[in-house]
Amino acid sequence: MGIPEIEDAKCLLCFGYNGADSHPIVARRIVRGRQKGMKIICADPRVTETARISDIHLQLKGGSNLALVNAMANVIWKEGLADEKFIQEHTKGFDEFLKVIENYTPEYAAEISQVPAETIRQAARMYATNKPAMILYGMGVCQFSQAVDVVKGLANLALMTGNFGGPSMGIGPVRGQNNVQGACDMGALPNSYPGYQSVTDPASREKFEKAWGVPLPDKVGCPITHVPYRILQEKEERKRIHAYYIFGEDPAQSDPDLAEVREALDKCDFVIMQDIYMNKTGLHADVILPATAWGENEGVYTCADRGFQRVRKVVEPEGDLKPDWQIIAEISTAMGYPMNYKNTEEIWNELIDLCPSFTGATYEKIEKYGSVQWPCRDKSMEDKGTPYLHKDGIFATKDHKALFYGTDWHPPLEMENEEYPMSLSTVREVGHYSVRTMTGNCRTLRNLEDEPGWVQISPQDCQKLKIQKGELVKVLSKRGYCISRCLPTERVKPGAVYMTYQWWIGSCNELTIAHLDPISNTPEYKYCACRVEKIQDQEWAERHVKEMYNDIRTQMGIQPGKGARS
Amino acid sequence: MNYFVKGNPDLCIGCRTCMIGCVVVHEGKHIFEIDPDSYTFHPKLHMVKTARLSVPVQCKHCENPACMAACGVNAIYQEDHRVLIHTETCIGCKACMDACPFGAIDMVTVAGVRQKDGSEKKVANKCDLCQGVAGGPACVRVCPTQALTLVTEEELEDLAKRKRMESARSTFCEVYHCDEFSYGGRE
Amino acid sequence: MIVAIDQNLCTGCRECAQVCPVCAIEGEQGKPQVIQTERCVMCGQCIQKCKSYVSLLDHGNDAYDRIRKERNLPDSVQEPLFAAYSVCSLDKVRTALKDGCTFTVVQCAPAVRVAIGEEFGEELGTLTPGKLAAALRKLGFDRVYDTNFPADVTIMEEGTELIDRVNKGGVLPMFTSCCPAWVKFLENNYPELKDHLSSAKSPQQIGGAIFKTYGAELDQRKASEIYSVSVMPCTCKAYECDRPEMKDSGYRDVDAAITTRELAWLIKEAQIDWNALREEEFDQPFGMYTGAGAIFGVTGGVMEAAIRTGYELVTGESIPQVDVTSVRGTEGFRTALIEVGDLKLKVGIVTGLKHVIPVLEAVRAGTLDLHFIEVMTCPQGCVSGGGQPKLLMDTFSEEAYRARREAIFDHDRELTYRKSHENPAVKKLYEEFLEAPNSHLAHHLLHTTYCND
Amino acid sequence: MMKKELGSFVIGDGRRCTGCKACELACFMVHNQKSNHVGMTVGTVGVPVVPRLYLTRFEQGCMPIQCKHCEDAPCLNVCSKGAISRIEHQVVVDEQLCIGCKDCMQACPFGAITLLPYAKDGCLVPQSGSSETKVFAAKCDLCKDIPQGPACVNACPHQALRLVDPEAEREEKNIKAANALFYMKNW
């Protein structure tokens, strides 16, 4: 489905996705859809902007996603709201799925998710009876150890109600960071070449080996979240990692359990950091390769709805920095694999000819139509791409049938306990973006909000801890601690605290746990146990925060001494 | 009658672009070249987020403003459909701040100006409907979801008229089941 | 008039009007207020309340001295002066003290010793009987006696009168008569109930009568030479001692009554260093008093003292529980039932004159089934009297009254004798002089009548 | 509530004030307990009453006037002796330093400062070099270092005095204003 189609959906199930803070432009569509009478069901532990204007807000307890999803499926089936014709014709595995969701009555899910059973029923009815219905899910789904199971769970709901293969329906991942979709399309994944062609499939491997003239390994690569293990604890010498080439990523800020990440970076023999600004990872790198920023180079981005779009250069880069592709080409040539592309189009053409589903997306076509949503197989101008997948229920599986997949819910790994009585979840905050490498240096955004950032706590918990708005507090978990500013808000329920991972001082990733989803290897950012402590000496805390911020900015070579004005 | 900007909580997504737009317009484009410490970030509207809503709140440019009455030094005056504060005259006595029932006025530092004892000079700050800015209020223009609208006298007038018509029509037709307006025609 | 409002200082805030128990203060809001003398009972609560002080800004720099002179206050007075004030009668006392040949006698009320210290910076409710005696002696009084002694005598008289009324079907319920403002209130508004009042005089007047008769004999002095002064927490006592009928000793029983605050002025004027004073005893025999006399200063105190003695007079045995806690407390009107042998004595206590009106209406209608009722005009008895040290902030009044009340009960607990009839001096008084309570002589000297004018 | 940036102040409510001056007396008392051994009772006072708020009468009623602790304080900026400074957001006069030049009295637009006699250890302090009593600029210091201050607010029998915390109240009024917008959003 396409982003513009959001407006025309009759019903939107927004699961674990805070549009207003992560993608204001997408949120515009949701608001406009609401004005056009779209029903909104919002599942989020917090009262997000979408929840605020939703018809039904399923304010579930963190870590109970699958229980809720299964319960909705249970209600849809029990109340006969499923599209049985679509199920027969376009899906299989429905009966095993039914056995799984059998005991997920709304009452059972209510206990786990703290959402009243009646509300779950209303939500399921609303989703099933307003077609076309669209599902948007974000990091609230993906950053759990049961991430893949919940995505499949949501897909089950869409399948049960025939919400596939048409406009303004289906299920849409909204992606966390910019061009995540493009990176995956281009094969920056441990298990696939460009165009999602699997590394373990001999045919694909031979095609790429022939095209690139080098033998390619037939095993899946190492995901970023396994790198610390492969540096620090890997027993087999052959598997241990000695060099780490990082570009456009700041693991020392955005990966969980930062203490372990820093240790890994320091132990690793050779670390290269290629980025447009200095950042926390840069502090541990042996070599810094300054690359051009988004306005200084050109290329192709892919939007969350699979739309290739051209990015063009606006400003000539100053200082000795090059576009990313030129740096990689030079390094590859130096390492004995000559790459002498003249421009990005040459690279793009080589790539789309190797990927059947991208072949038709030439530069010319993208510039003409503004955006081409793959798959676009034919180079002729008529093939404008595919706005939505699985048209008329034809799925990409061999027998074109979608597979139902039901599993049982299980709680997150690290639940609250005696020593760490509250749950912590990472969230987004409008005003700054990602790891603040860019927005951290934009003055008006820094005026709006600056270090050490906020920790959102319910007013009841603030009263118990005797902390006021704006007071600096200490947040601790088994992995470490950080200092942040208390923000009492009725938008969160007691017992849960929420922090944004963009803050360098109030960096919540000092606390998060590196427990991964077995398939997607995404860490369980959205749930770990933590504790909030009052700091008695506020003067010391304020000075300490300012000094830490100055030190970091000085080490990074940004104007030294110009500390943050919090 | 004075104009004012009104926020619609149903459209507002709490992104605060309006606050940044307000500062940039009042500070001027050079804001991005000058030394970050040489300007002051004082938006003239403030985002309010509660459990139920997000919407910015700013001065309503009242017709007989409580702030103007409370001002000890006559620094507040009405001109060009708006209520304005003459910041050179203002002594920061906060009477207006206490008088305003909407909390639309706050006290802000004046960049680089110190009092005799070294403490920063602070004066009253509130929405001036972007006086002298082409295109009118910046917050209205920059809002990504058009949640802010400038309400002028005329609009207010015909809003009231429209509501009167609507209630008259619905009472006449739906309550008394007459089919069309007959201007006092029959019983 | 003893209690007055200065028309130039009064700003018409009418805080006093709300405090006046008899609604005797009238005037428009914002205009000077006027006291209706026929209704006023001179309790002085308006004086305690008034905050409209002589201000440099509003009245000019020399207004203070002028007003101080107008009110003939001693020049040593530096404290703020207010619109509502009580007439100062220190001149008479000063001349008496200077006059070599007058024999000056002074008595001080139970509530004075727990408040006078406050005027010299001591904590609220500091108990200072010893310093009080020392100061009075230093001022030149020939005999420093204590109203607590006549208080014990009052119990003997009133207790006996109560028992007679109960046994012989006398007029019941009987009201106490030691609070002059309450007596004046009854005379003004319920004259037909005057027989309900105990005929016994107040301790001040009983003391005055005794000092000028039996006391004169003991000191071989002629009554005419004696100048009898009393120090009272009350502004109405000055009116009581000047009542025409208060001359049963042949002379004014009490020549002058001054308030606690006036005594403080006198002490300051004599440049006596209050904090350096060493404790001294009251002169005997009229300085000897019991715990029962001491608790007169608190609401329910007279009642408790009467019960402690009345119990023994009726049953012949001493009261099992000396602390009759059932009559204590600060509510405006409370009742209690005391088992005195086989007699079920039903008593009532009123504090704050506003609370007595429904009681009087019940008495008039004959529906009030009580034997004995204590009535005090001031909010919590004499400790909160109109002549007591005036608090700068009303928010401290509750704390002050509580502190003074507790000091009095502490004083009661530490005394050797705690029941009036055990007072050896009282026994000697009856043996040598009065023969017996309510005897002919006692009746002549220590009892009085009401609604005389 | 966010870090305190603005000075609080006490404001009178003319509708409730009866003009009884309990506030003036309380103010004098708490400011002279240590310096002039003023106790709880009138008898312990040996110096003239020097309040720092002034009950003011006008035809329709009366109310006390006191300092607003301005953020750009004319008195502070005019005091050539530097006797007036800002301590923890409150504007305070150093009584020893004040030479009674009366500039602050003329600068204050509210008449919240007046010259009153200065007393120490229970007696008036003479000016150096003359028998005249020393005077100082008396104004509200919001009961600095006085527990349970401000005393005037607690002493008022009719709760006609209110301690205003401008920032906290502004936030509350913002939320009320935002809620009001909730009801206007359909038009």
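Below, chains carry the letters A, B, ... as their sequence lines are ordered, and counting in each starts from 1.
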> Rounded to the nearest 0.5 Å, how far does CD of Glu262(C) lie from CG of Leu90(C)?
Replying inline: 5.0 Å
> Considering only heavy atoms, which portion of Thr11(C) lies under 4.5 Å from any heavy atom of chain D: side chain, backbone, both, or neither?
Replying inline: both
>> Counting only non-hydrogen atoms closer than 4.5 Å, does Leu57(C) touch chain D with its backbone (N, CA, C, O), its side chain (CB onward), both, or neither?
In response: side chain
> For chain C, which of Val50(D), Leu25(D), Val42(D), Thr18(D) has the most heavy-atom pairs under 4.5 Å?
Replying inline: Val42(D)
> Which residues in residues 74-85 of chain C have a heavy atom less than 4.5 Å from any heavy atom of chain D?
Replying inline: Gln78(C), Glu79(C), Pro80(C), Phe82(C)
>> As an exercise: rank Asn154(D), Val47(D), Val49(D) by heavy-atom pairs under 4.5 Å with chain C and give me the winner.
In response: Val49(D)
> Of the backbone (N, CA, C, O) and the side chain (C-beta and beyond), which part of Asn61(C) lies under 4.5 Å from a heavy atom of chain D, both, or neither?
Replying inline: neither
> Listed by residue number, which members of residues 379-389 of chain C have a heavy atom under 4.5 Å from any heavy atom of chain D?
Replying inline: Pro389(C)
> So which part of Lys49(C) gets closer than 4.5 Å to some heavy atom of chain D, the side chain, the backbone, both or neither?
Replying inline: neither
> Roughly how far apart are Thr377(C) OG1 and Leu353(C) CG, rounded to 0.5 Å?
Replying inline: 4.5 Å
>> As a quick check of understanding, evaluate side-chain contact (heavy atoms from CB on, under 4.5 Å) for Lys138(C) and Leu277(C), giving each step before the final call.
In response: CA-CA 10 Å; Lys138(C) 246 199 173 60; Leu277(C) 277 174; 4.1 Å; yes
> What distance do Gln29(C) atom CD and Cys13(C) atom SG have between them, rounded to the nearest 0.5 Å?
Replying inline: 7.5 Å
> Given that the side chain runs from C-beta out, which part of Leu124(C) has a heavy atom under 4.5 Å from chain D: side chain, backbone, both or neither?
Replying inline: side chain
> Taking atom OH of Tyr53(C) and atom CG of Leu392(C), what is their separation to the nearest 0.5 Å?
Replying inline: 11.5 Å
>> For Glu70(C), I'd like to know if atom CD has over 12 heavy atoms of other residues, nucleotides or ligands within 6.0 Å.
In response: yes
> Checking heavy atoms, do the side chain of Phe28(D), its backbone, both or neither come under 4.5 Å from chain C?
Replying inline: neither
>> Taking the cut-offs as 6.0 angstrom to the six-membered ring centre and 45 degrees off its axis, would you call Lys139(D) and Tyr54(D) a cation-pi pair?
In response: no
>> Counting heavy-atom pairs closer than 4.5 Å to chain C, which one of Cys17(D), Gly39(D), Ala155(D), Ala22(D) comes out on top?
In response: Ala22(D)
> Which pairs, with at least one residue in residues 145-183 of chain D and sequence neighbours excluded, count as a ring pair (Phe, Tyr, Trp, His ring centres under 6.0 Å)?
Replying inline: none
> How about Asn77(D) and Asp72(D): does a side-chain donor come under 3.5 Å of a side-chain acceptor?
Replying inline: yes
> So which part of Glu15(C) gets closer than 4.5 Å to some heavy atom of chain D, the side chain, the backbone, both or neither?
Replying inline: side chain
>> Would you say that Pro129(C) contacts His411(C) through its side chain, given a criterion of any heavy-atom pair below 4.5 Å between the two side chains?
In response: yes
>> Let me confirm one number: the CG-CZ distance from Leu6(D) to Arg170(D), rounded to the nearest 0.5 Å.
In response: 9.0 Å
> Under the side-chain hydrogen bond (donor to acceptor under 3.5 Å, both in side chains) rule, what pairs show up with a residue in residues 92-115 of chain D, not counting sequence neighbours?
Replying inline: Arg52(D)-Glu95(D), Gln96(D)-Tyr118(D)
> Can you tell me how far the SG atom of Cys23(D) sits from the CG atom of Leu53(D), to the nearest 0.5 Å?
Replying inline: 4.5 Å
> Side chains of Gln33(C) and Arg14(C): do they bring a donor and an acceptor to under 3.5 Å?
Replying inline: yes
